[in-house]
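Take a look at the structure set out below.
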Amino acid sequence: MLLIPCPHCGPRNQEEFAYERTLDSVVRLNDAPELAIATLYARANPRGQEHEIWSHTCGQWLRLTRDRISHAIHSVEPL
Amino acid sequence: MGAGRYNALALLRGAITGHRHWGRAWRAAEPRGPYDVIIIGGGGHGLSTAYYLAKVHGIRRVAVVEKGYIGGGNTGRNTTIVRSNYRQAPLQSLFEYSLKLWHGLSDELNYNVMFSPRGALFLGHSDADMARLAERGDAMIANGLDADLIGRDEVARLVPLLDMSPDARWPIEGGLIQRRGGTARHDAVAWGFARAADSLGVDIIENCEVTGFLREGNRVTGVRTTRGDIAAGRTGICVAGNSGHVAGLAGIKLPIESHTLQAWVTEPVKPMIDTVVMSQTLHCYFSQSDKGGMVGGGDPDFFPSYAQRGAPIRLEDSIAQSIALAPALSRLRMVRSWAGVTDMSFDGSPIIDELPLDGLYLNGGWCYGGFKATPGSGSVYAHLLATGQSHPLAAPFYLNRFADGRTIDEVGSGPMPQSR
């Protein structure tokens with residue numbers, strides 16, 4: 001189980017959070033179609049550290065740097 | 001081949017000689033390239049690909065390289081359910097092709113894979129559920145598959161284990177059953193394909209992890225491994241769960257994320273259910289293994305992970321729902337739970353295609369549906385690796401379908417990793 005430190009609420013149970021997407025997969029409004037498609041679908045999916053966007057039930061969005069093998073959370077920042 | 005062909009006579013001979021004549025079922029091969037084809041990943045899909053390459057296409061200079069032991073990944077971690085009851089035609093055709101291969105597989109391989117077509121039942125808990133199941137059943141029948149929409153009484157007769165009382169936690173209105181679906185012995189599938197492929201000359205190289213690719217310009221000419229470089233004409237990735245990682249070694253990003261899926265098993269008991277019960281509404285499914293353990297699972301953990309371990313909350317969900325459906329399960333002790341890493345593609349369907357580098361191919365993105373596809377997946381992937389052309393059944397599952405807007409999206413939920 002993950003204990004995720006919400007910048008607004010402090011450490012909370014994983015069950016209150018939702019993984020949204022990776023930080024590099026947010027499509028910008030003025031992106032060219034090729035870039036938008038690559039952003040939407042292509043994932044590095046590393047066996048290691050990745051930057052992710054999560055949301056908390058309190059309404060806070062989070063930028064999480066997390067290890068996908070050890071599940072260690074290296075940093076959490078409000079987004 | 002130490003023991004030759006498996007048959008009743010060999011068994012009888014063993015009864016007299018104390019079963020000391022059984023040899024290894026496949027050789028412990030050393031790398032000895034160059035090969036015509038190298039398959040990365042010694043799971044069910046990789047081994048069946050190697051078998052069909054040798055058997056159907058006559059390509060026998062084939063190696064399967066596996067980082068651990070064969071069948072030690074998702075082949076040994078699934079809940080062994082085999083079915084083809086999908087709603088969309090490309091998925092129906094691919095999984096039905098596989099289901100037909102399952103029905104003759106033990107004879108084909110001379111190895112008992114314990115395929116048991118005991119019926120795969122989707123439960124319906126509401127009018128809306130029944131309408132959805134009827135639509136799925138109609139779609140299946142229109143494509144020549146068998147599907148029976150059954151009422152509440154028929155469900156009660158088929159599965160007496162279910163709580164059909166007026167105060168049951170979940171009402172059961174009926175179900176959709178595919179009677180030719182069922183279960184198989186997952187380890188035996190890997191072992192059977194390994195033995196059959198080995199007897200046709202395929203080298204199965206265990207404890208051999210791929211660490212990179214050999215390249216000549218835009219062409220992949222083999223693999224770098226922990227046991228040295230191995231050259232190959234064509235290289236096929238078949239490592240579902242780790243597709244993102246292995247493709248990443250070639251600098252390729254895929255429309256795949258790796259997520260965790262858990263399963264559980266109880267102590268073995270006498271037969272209490274002879275059907276596979278699944279509820280897509282309650283997100284749980286269970287069946288009884290031939291050893292007697294009740295095997296089940298439910299939702300994924302909903303975030304990317306390669307950890308092969310899951311969170312107790314998801315396990316609790318699937319067990320709670322299973323017990324609500326079949327209260328007798330609450331009397332059993334759970335002996336084990338585990339997790340596998342699933343290749344979640346962004347439309348819920350597999351990807352079987354050549355990658356942007358020449359000579360490098362991918363078979364992955366099976367989400368949670370890989371085990372049932374084992375023979376069919378190997379057969380169509382072998383076709384691709386042998387001819388360089390997609391098998392007609394695999395053609396819809398090409399890599400660029402996401403850019404083309406031709407996703408095969410069974411759930412219709414858009415570009416996110418999908419479960420069903």
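Residue numbers begin at 1 in each chain, while the letters A, B, ... track the order of the sequences. The shown structure was predicted, so the numbers you read here are calculated from the model rather than taken from an experiment.
- Between atom OG1 of residue A/Thr39 and atom NZ of residue B/Lys253 there is a gap of 8.5 Å, rounded to the nearest 0.5 Å.
- Of residues 63-75 of chain A, those residues lying under 4.5 Å from chain B by any heavy-atom pair are A/Arg66, A/Arg68, A/Ile69, A/Ser70, A/His71.
- Note on B/Glu209 versus A/Arg47: salt bridge recorded, some NZ/NE/NH1/NH2 to OD/OE distance being below 4.0 Å.
- Using a 4.5 Å cut-off between heavy atoms, B/Arg309 touches chain A through backbone and side chain atoms alike.
- In this structure, the portion of A/Glu52 lying under 4.5 Å from any heavy atom of chain B is its side chain and not its backbone.
- Between B/Pro312 and A/Met1 the shortest side-chain heavy-atom distance falls below 4.5 Å.
- Options B/Ala247, B/Gly310, B/Pro255 differ in how many heavy-atom pairs under 4.5 Å they form with chain A, and the most are formed by B/Pro255.
- Among the candidates B/Gly248, B/Ala403, B/Ser243, the residue making the largest number of heavy-atom pairs closer than 4.5 Å to chain A is B/Ala403.
- Between A/Leu40 and B/Phe346, the closest heavy-atom pair is O-CE2, 3.5 Å.
- For the pair A/Asn45 (side chain) and B/Leu254 (backbone), a donor-acceptor distance under 3.5 Å is absent.
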**OP:** Starting from the C-alpha separation in whole Å, work towards a yes-or-no answer on side-chain contact (heavy atoms from CB on, under 4.5 Å) for B/Glu257 and A/Arg43.
**Re:** CA-CA 7 Å; B/Glu257 276 185 4; A/Arg43 292 289 189 279; 3.1 Å; yes

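- Residues of residues 2-18 of chain A lying within less than 4.5 angstrom of chain B, judged on heavy atoms, are A/Leu2, A/Gln14, A/Glu15 in numerical order.
- Ring-plane geometry between B/His259 and A/Tyr19 is classed as perpendicular, the angle between the planes exceeding 60 degrees on a 0 to 90 degree scale with a lower cut at 30.
- Both the backbone and the side chain of B/Ile313 come within contact range of chain A, each with at least one heavy atom under 4.5 Å from a heavy atom of that chain.
- Atom-to-atom distance recorded for A/Tyr41:OH and B/Asn400:CG is 11.5 Å, nearest 0.5 angstrom.
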